[in-house]
Amino acid sequence: MSRRQSRPNPSAVVERPSRRLTAPVRSRLGAVQASIADARQVHDLVNAFAQRGDMLPRTMGEVYENLRDFYVVRDSDQVLGCVALHIVWEDLAEVKSLAVRQEHQSRGLGALLVDACVREARALGLKTLFALTYRPDFFAKLGFRQADVMTLPRKVWNECYRCPKFPSCNEIAMVLDLGDPDQP
Ligand SMILES: CC(C)(COP(=O)(O)OP(=O)(O)OC[C@H]1O[C@@H](n2cnc3c(N)ncnc32)[C@H](O)[C@@H]1OP(=O)(O)O)[C@@H](O)C(=O)NCCC(=O)NCCS
């Protein structure tokens, strides 16, 4: 290589390595149904963000009782992120307890976890998914639209009564229409 070629070009755009997961890494990690061994880490992860006011806290008992709602992304034995898909009614389910470890954020894991919920909700024949969130822009990127929380059935307020922010909470309802499961 000549000296001319090896000299750095000051006007060249310096590309920073992407933190996004490559397809092979994504398929290796994947979002899988949580197991009993994940429960403690799910609890700790959710409650770390709950302490910052980002989401509702969960007791260990709630995590165990709802463990079959949870998906996790795991690397070896470490839970990198979690989410729960909770059925509310015949046509409605909630995406809740979504959290990705701080040091693993912006790699596509949050999207991977929500996608697992969307797939299962479709497979179950649900029509609508919603999330109550302080991160509406994240959900908007995944196709959710903002909705008036009053259009959601009262049942979704169940947990709000025990939230420290109730009744002056400013969580935003984000909704994803999954279409009519009876239509091709
Ligand atoms: C919100 C959260 C789950 C996102 O997880 P993540 O793994 O960082 O998100 P991803 O990397 O999958 O991002 C997917 C897309 O959403 C975007 N995005 C991520 N967080 C965002 C935010 N807060 N606002 C707007 N867009 C966001 C990303 O840029 C990415 O867009 P791109 O595909 O165009 O690059 C994560 O930041 C988190 O755990 N936050 C703390 C807990 C919390 O607030 N949970 C939500 C409670 S409902």
Side-chain angles (χ1 to χ4, degrees), residues 13 15-34 38-59 62-63 66 69-75 78-88 92-121 126 128-149 152 155-166 168-176 178:
V13 177
E15 291 210 359
R16 293 171 54 195
S18 168
R19 281 176 47 83
R20 312 291 300 173
L21 302 179
T22 58
V25 177
R26 199 163 41 238
S27 69
R28 177 174 67 81
L29 293 179
V32 295
Q33 303 241 249
D38 301 316
R40 177 65 62 182
Q41 290 188 65
V42 165
H43 169 269
D44 293 352
L45 184 56
V46 167
N47 287 307
F49 287 116
Q51 274 182 3
R52 292 185 352 186
D54 287 335
M55 56 208 297
L56 272 177
R58 303 277 165 218
T59 64
E62 286 170 316
V63 173
N66 297 291
D69 281 356
F70 275 94
Y71 285 96
V72 293
V73 172
R74 242 188 254 124
D75 195 4
Q78 190 186 35
V79 171
L80 307 185
C82 65
V83 71
L85 173 72
H86 188 72
I87 298 173
V88 177
L92 186 68
E94 180 175 3
V95 173
K96 56 206 286 191
S97 298
L98 170 65
V100 174
R101 271 182 200 278
Q102 194 82 49
E103 64 274 25
H104 290 281
Q105 289 182 6
S106 305
R107 300 179 65 202
L109 297 181
L112 202 68
L113 286 158
V114 174
D115 186 54
C117 296
V118 172
R119 283 165 189 265
E120 187 180 355
L126 288 154
T128 309
L129 266 187
F130 76 96
L132 298 172
T133 182
Y134 296 114
R135 303 279 178 274
D137 294 347
F138 165 77
F139 283 95
K141 283 228 158 171
L142 305 182
F144 287 64
R145 62 176 169 80
Q146 191 169 335
D148 181 351
V149 73
L152 296 173
K155 206 169 179 302
V156 311
W157 292 90
N158 242 352
E159 289 193 319
C160 299
Y161 300 119
R162 64 182 183 83
C163 173
K165 293 183 182 171
F166 184 79
S168 46
C169 142
N170 47 359
E171 275 191 324
I172 293 170
M174 297 298 289
V175 164
L176 182 70
L178 300 172

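Start at 1 with the first residue, then count along the sequence. Counting starts at 1 for both ligands and their atoms, following the listed order. What you are looking at is a predicted structure, and each value in this text was computed from that prediction instead of being measured.
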Measure the distance from [atom] to every protein heavy atom, then report the residue, atom name and distance (to 0.1 Å) of the closest one.
{"atom": "atom 9 (O) of ligand 1", "value": "Phe138 CE1, 3.5 Å"}
{"atom": "atom 25 (C) of ligand 1", "value": "Asp137 CB, 3.3 Å"}
{"atom": "atom 43 (C) of ligand 1", "value": "Leu98 O, 3.8 Å"}
{"atom": "atom 1 (C) of ligand 1", "value": "Arg135 CG, 4.0 Å"}
{"atom": "atom 35 (O) of ligand 1", "value": "Arg20 NH1, 3.7 Å"}
{"atom": "atom 7 (O) of ligand 1", "value": "Gly110 N, 2.8 Å"}
{"atom": "atom 12 (O) of ligand 1", "value": "Ala111 N, 2.8 Å"}

So, [X] side chain and [Y] main chain: donor-acceptor pair closer than 3.5 Å or not?
{"X": "Gln78", "Y": "Asp75", "result": "no"}
{"X": "Arg101", "Y": "Val79", "result": "yes"}
{"X": "Gln105", "Y": "Val100", "result": "yes"}

Taking the side chain as every heavy atom from C-beta outward, state whether [X] and [Y] have any pair of such atoms under 4.5 Å apart.
{"X": "Val72", "Y": "Val32", "result": "yes"}
{"X": "Val42", "Y": "Phe70", "result": "yes"}
{"X": "Met174", "Y": "Arg145", "result": "no"}

Does an N or O from [X], backbone or side chain, lie closer than 3.5 Å to an N or O of ligand 1?
{"X": "Lys141", "answer": "yes"}
{"X": "Met55", "answer": "no"}
{"X": "Phe49", "answer": "no"}
{"X": "Val100", "answer": "yes"}
{"X": "Leu112", "answer": "no"}
{"X": "Phe139", "answer": "no"}

Part of Gln105 with heavy atoms under 4.0 Å of ligand 1, whether side chain, backbone, both or neither: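 Under 4.0 Å from ligand 1, Gln105 contributes backbone and side-chain atoms.
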Which segment of Arg107 sits under 4.0 Å of ligand 1 when only heavy atoms are counted: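 Within the 4.0 Å criterion, Arg107 contacts ligand 1 through backbone atoms alone.
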Taking only distance into account, with no hydrogens and no angle test, what donor-acceptor pairs under 3.5 Å do side-chain atoms of residues 107-120 form with protein atoms, sequence neighbours excluded?
{"residue": "Arg107", "atom": "NH1", "partner": "His104", "partner atom": "ND1", "Å": "2.7"}
{"residue": "Asp115", "atom": "OD2", "partner": "Arg119", "partner atom": "NE", "Å": "2.8"}
{"residue": "Asp115", "atom": "OD2", "partner": "Arg119", "partner atom": "NH2", "Å": "3.4"}
{"residue": "Glu120", "atom": "OE1", "partner": "Tyr71", "partner atom": "OH", "Å": "2.6"}

Can you tell me how far the [atom1] atom of [X] sits from the [atom2] atom of [Y], to the nearest 0.5 Å?
{"X": "Leu98", "Y": "Leu85", "atom1": "CG", "atom2": "CG", "answer": "12.0 Å"}
{"X": "Leu132", "Y": "Ile172", "atom1": "CG", "atom2": "CD1", "answer": "10.5 Å"}
{"X": "Arg74", "Y": "Arg28", "atom1": "CZ", "atom2": "CZ", "answer": "12.5 Å"}
{"X": "Thr133", "Y": "Lys96", "atom1": "OG1", "atom2": "NZ", "answer": "13.5 Å"}

Sub-4.0 Å protein heavy atom next to atom 3 (C) of ligand 1: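 Protein heavy atom within 4.0 Å of atom 3 (C) of ligand 1: present.
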Atom 19 (C) of ligand 1 touched by protein (heavy atom, under 4.0 Å):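 So atom 19 (C) of ligand 1 has protein heavy-atom neighbours under 4.0 Å.
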Under 4.0 Å from any heavy atom of [X], which atoms of ligand 1 are there?
{"X": "Ala99", "result": "39 (O)"}
{"X": "Gly108", "result": "10 (P), 11 (O), 12 (O)"}
{"X": "Thr133", "result": "48 (S)"}

Nearest neighbour of atom 6 (P) of ligand 1 from the list Ser106, Pro136, Ala48, on a heavy-atom basis: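 Checking each option, the heavy atom nearest atom 6 (P) of ligand 1 is found in Ser106.
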Exercise: identify the closest heavy-atom pair between Arg58 and Val46: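 Of all heavy-atom pairs spanning Arg58 and Val46, the closest is CG-CG1, 3.7 Å.
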Phe144: partners by ring pair (Phe, Tyr, Trp, His ring centres under 6.0 Å), with sequence neighbours left out: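 Phe144: ring pair (Phe, Tyr, Trp, His ring centres under 6.0 Å) contacts with Phe139.
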